[in-house]
> 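Just dropping this structure here.
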Amino acid sequence: MNEEKAEAAQSGRPGVINGAQLASELDVPPWMVTRGQELGLIPPRDRARGWSRAVADQITQKAQDIKEGIADREGLGSRRIAELLAELTGLAVEGEDVPPLAERSVLRVVDEYKGWPLYSVKDARALGESEEARAVLSELITAREAEQSRREAEWQAWTAVSLPLGEAAARLGWTVHELEKVAGDGRISAGKGGRYAVADLDVLAADDELCEQVAGDRLIRADEAAGLLEIRYPTDWQYVTDAGWVTPKTVKEVQVGRRRWIDVPLYATRDVEALRDLPGVPWEEVRAVRSGEPSPLREYVSRRVPRRAEAVHGFAAGVADRHHVEVWAYHDDRTGTWELDWTHEQGGPTCEQVAAELHADEQAARYSTDIRVGGTRWGQQARWAREVLASGPAVVLCTRSSGTPTTGEEPIEVIEVAVVDVTTGKTLLDRRVRPTVPLGERWAGGLTDEDLEGASPWDRVLPRVRDVTRGRLIVPCHPGDDQKRLVADTERAGKRPMHLAAADSWALSDVDRPLKHVSDWGPALAGCKYVREELLRRSRGRGRVHLPEQKPGSGVQVVHDQVVTG
């Protein structure tokens with residue numbers, strides 16, 4: 001090893017060379033070194049980093065043999081060989097002309113790639129220079145073009161008397177599925193290209209019994225079935241199904257929204273059409289009934305099973321009467337389930353009590369798995385809002401501050417305060433306040449020192465704030481922040497905050513979430529109105545309201561006419 005290094009150093013050449021250096025000495029591209037190794041024309045590396053100088057010298061002495069050996073084994077796929085032959089011969093060679101050349105031993109298969117043969121580039125170049133080989137190639141091209149012409153003529157003739165699947169089904173007035181079903185029964189078969197002969201289609205069209213069977217087996221939705229009978233949907237159709245005259249052939253699951261799936265019943269057209277022949281049913285009278293009028297089909301339903309929405313509302317009304325509470329029945333369109341909640345005036349029933357009553361209810365118990373009883377978040381919010389409204393006069397208060405300090409020394413002061421009566425919506429106070437420290441560059445919702453130049457200081461506004469909030473429950477726009485700002489400015493002015501500092505004067509503390517997100521940079525009066533509307537909205541609950549026949553007075557009257565069905 002040391003002798004090799006010494007000899008290499010003496011000659012000025014490296015003692016060990018890598019693949020790129022060997023390619024340079026062989027005067028070939030680097031890929032040929034890799035290919036030479038694959039073919040065994042170049043020996044494996046005898047050093048960790050390449051070939052030793054002695055082995056490299058032996059390899060370079062065989063450079064010409066290596067080049068010829070690689071060239072002899074160079075191969076391409078049929079498409080690229082065809083392109084090469086077309087370039088060399090000027091003939092219209094295509095990929096399918098290449099395999100016959102190999103079969104005639106004119107072109108060798110030298111390797112394969114992913115199961116596909118690779119043909120000799122050397123042979124292809126030699127073929128381009130041989131007149132005899134060119135004649136063979138020309139003969140193959142002529143035969144291939146003749147075969148292509150024959151196949152094209154056959155295909156054109158077939159397409160003239162046949163139709164693809166979709167057009168074939170449309171010619172019969174069927175769906176693709178219906179034609180495939182008939183073909184599966186062996187009544188017709190598809191030919192080349194999955195096309196159907198027009199003559200065979202006409203035979204099917206002339207088969208009245210088959211066409212009647214296909215039309216009778218066709219599945220339709222409930223609204224389509226009502227349209228076929230020319231009756232009202234869902235009113236009259238509900239009586240038809242309640243009477244048991246027709247049942248779904250199958251049920252299809254359909255997605256409604258992003259997370260909800262519903263079952264859609266499908267009826268056989270034959271079964272629906274057979275309803276027209278039911279004895280004693282006055283279909284003409286049913287079709288003549290106007291919207292909103294009772295259906296003549298009612299008398300055919302001895303004991304109709306209430307639908308889910310009817311059963312839920314009936315149960316909710318019963319809970320309201322039995323416990324003298326207001327009950328809300330809400331249908332969640334996202335999940336397809338019902339939620340029941342109620343007021344807790346005079347105690348009210350527990351969730352366990354109502355759940356037990358639900359399971360005991362003959363009609364509603366059918367849908368108990370689709371009904372959530374009590375414990376809803378919106379129900380809790382409604383009861384809290386009602387407690388706020390029932391506790392006495394209440395106001396909504398909102399402040400706007402002077403913004404984040406720029407130096408860390410300026411105080412955050414109230415620059416606007418508004419108060420609105422919750423019951424009437426009347427504006428009790430809407431005043432801007434001049435801060436003790438100029439705003440300067442601070443962002444205060446677009447207000448500047450010029451806008452506050454004519455405003456009164458806080459010690460002049462404070463008495464009015466006390467007057468409109470005294471003896472009233474205060475609902476803040478910014479829980480905790482509004483109270484802290486008022487108290488801080490009052491103490492800074494050397495005044496007493498009085499009831500403004502009392503925790504029981506405020507409906508929400510600093511740990512509570514705001515009723516509605518209100519930007520600290522918007523007008524304070526607008527914030528008051530937003531929060532008041534949200535408070536009233538929450539107090540109404542959700543869904544349809546069921547009141548007891550004689551509801552004890554609660555001090556709060558809430559009207560809500562939203563009706564949800566499901």
Side-chain angles (χ1 to χ4, degrees), residues 394-422 425-535:
V395 295
V396 178
L397 182 146
C398 191
T399 62
R400 181 159 33 167
S401 72
S402 57
T404 305
T406 56
T407 64
E409 298 179 357
E410 305 99 330
I412 299 178
E413 301 179 80
V414 174
I415 58 173
E416 189 175 47
V417 60
V419 180
V420 171
D421 187 282
V422 170
K426 180 180 178 181
T427 301
L428 304 179
L429 177 65
D430 183 20
R431 296 281 293 275
R432 290 181 177 177
V433 182
R434 188 174 71 247
T436 58
V437 178
L439 295 177
E441 299 298 326
R442 286 183 288 173
W443 171 255
L447 294 180
T448 64
D449 288 316
E450 294 180 359
D451 297 326
L452 302 177
E453 186 176 351
S456 302
W458 176 246
D459 58 354
R460 299 280 298 276
V461 179
L462 176 62
R464 183 57 180 162
V465 176
R466 288 173 176 163
D467 289 342
V468 296
T469 58
R470 184 177 292 110
R472 298 170 180 260
L473 184 64
I474 305 172
V475 181
C477 288
H478 312 96
D481 291 342
D482 288 329
Q483 182 185 17
K484 291 177 182 177
R485 294 169 184 171
L486 297 181
V487 172
D489 283 9
T490 301
E491 293 177 347
R492 193 178 297 111
K495 305 293 183 180
R496 295 176 56 195
M498 302 179 67
H499 66 278
L500 295 177
D504 56 2
S505 297
W506 297 82
L508 296 170
S509 66
D510 55 355
V511 298
D512 294 318
R513 299 178 62 183
L515 294 186
K516 191 176 184 66
H517 178 73
V518 176
S519 172
D520 200 25
W521 309 125
L525 181 59
C528 287
K529 294 180 178 179
Y530 293 152
V531 172
R532 174 180 178 269
E533 291 172 0
E534 179 64 16
L535 180 65

> For T448, enumerate each residue passing the side-chain contact (heavy atoms from CB on, under 4.5 Å) test, keeping only those at least two apart in sequence or located in another chain.
E450, D451
> Sort out for me which residue in E534, E533, R532 forms a side chain to side chain contact (heavy atoms under 4.5 Å, CB included) with V396.
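Of the listed residues E534, E533, R532, the side chain to side chain contact (heavy atoms under 4.5 Å, CB included) partner of V396 is R532.
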> Which pair of heavy atoms, one from P476 and one from V531, lies closest together, and at what distance?
O-CG1, 4.4 Å
> Check this for me: R460, atom CZ, are more than 12 non-hydrogen atoms of other residues, nucleotides or ligands nearer than 6.0 Å?
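It does not: R460 CZ has 12 such atoms or fewer within range.
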> Applying side chain to side chain donor-acceptor pair (under 3.5 Å) as the test, list every pair that has at least one member in residues 506-515; sequence neighbours left out.
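Residue pairs passing side chain to side chain donor-acceptor pair (under 3.5 Å), neighbours aside: S509-D512.
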> Rounded to the nearest 0.5 Å, what separation is found between the OG atom of S402 and the CZ atom of R485?
8.5 Å
> Could you give me the CA-CA distance, side-chain angles and deciding distance for V433 and T399, then say whether side-chain contact (heavy atoms from CB on, under 4.5 Å) is met?
CA-CA 10 Å; V433 182; T399 62; over 6 Å; no
> Could you check whether any side-chain N or O of S505 sits under 3.5 Å from a backbone N or O of H499, counting only pairs where one atom can act as donor and the other as acceptor?
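Checked: pair present.
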> Over all heavy atoms of both residues, which pair between L525 and D430 is shortest? Give the atoms and the distance, please.
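L525 and D430 have their closest heavy atoms at CD2-OD2, 3.6 Å.
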> For R431 and V417, indicate whether the former's side chain and the latter's backbone hold a donor-acceptor pair under 3.5 Å.
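Flag not set: sc R431 to bb V417 has no pair under 3.5 Å.
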> Apply salt bridge (charged side-chain N to carboxylate O under 4.0 Å, His left out) to R400 and list each qualifying residue two or more places apart in sequence or on a separate chain.
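With sequence neighbours excluded, R400 shows a salt bridge (charged side-chain N to carboxylate O under 4.0 Å, His left out) to E416, given in chain and number order.
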> How many angstroms lie between CG in L428 and OG1 in T469, if you round to the nearest 0.5 Å?
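L428 CG to T469 OG1: 9.5 Å, rounded to 0.5 Å.
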> Restricting to non-hydrogen atoms, name the atom on V419 and the atom on V395 that form the minimum distance, rounded to 0.1 Å.
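Heavy-atom minimum between the residues: CG1-CB, 3.7 Å.
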> What is the minimum heavy-atom distance between P411 and V437, and which atoms define it?
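For P411 and V437, the tightest heavy-atom pair comes out as CD-CG2, 3.8 Å.
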> With sequence neighbours left out, what residues match T490 under side-chain hydrogen bond (donor to acceptor under 3.5 Å, both in side chains)?
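Partners of T490 by the side-chain hydrogen bond (donor to acceptor under 3.5 Å, both in side chains) criterion, ordered by chain and then number, come out as W458.
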> Taking all non-hydrogen atoms of both residues, which atom of L500 and which atom of V487 are closest, and how far apart?
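Of all heavy-atom pairs spanning L500 and V487, the closest is O-CG2, 4.0 Å.
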> Nearest heavy-atom pair of I412 and S401: which atoms, and what distance?
CG2-CB, 3.7 Å
> If we ignore hydrogens and angles and just use 3.5 Å, is the side chain of D489 paired with the main-chain N or O of E413 as donor and acceptor?
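Judged by distance alone, no pair lies under 3.5 Å.
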> Identify whether the distance between the nearest side-chain nitrogen and carboxylate oxygen of K484 and D481 falls below 4.0 Å.
no
> Return each pair, listed once, that meets salt bridge (Lys or Arg N to Asp or Glu O under 4.0 Å) where at least one residue sits in residues 462-472; pairs must be two or more places apart or across chains.
D421-R472, D467-R470
> Could I get the full list of side-chain hydrogen bond (donor to acceptor under 3.5 Å, both in side chains) partners for D459, not counting sequence neighbours?
none
> Would you say R434's side chain and A455's backbone share a donor-acceptor pair under 3.5 angstrom?
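A pair under 3.5 Å: yes.
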> Hey, what do you get for SG (C398) to CG (D482), rounding to the nearest 0.5 Å?
5.5 Å
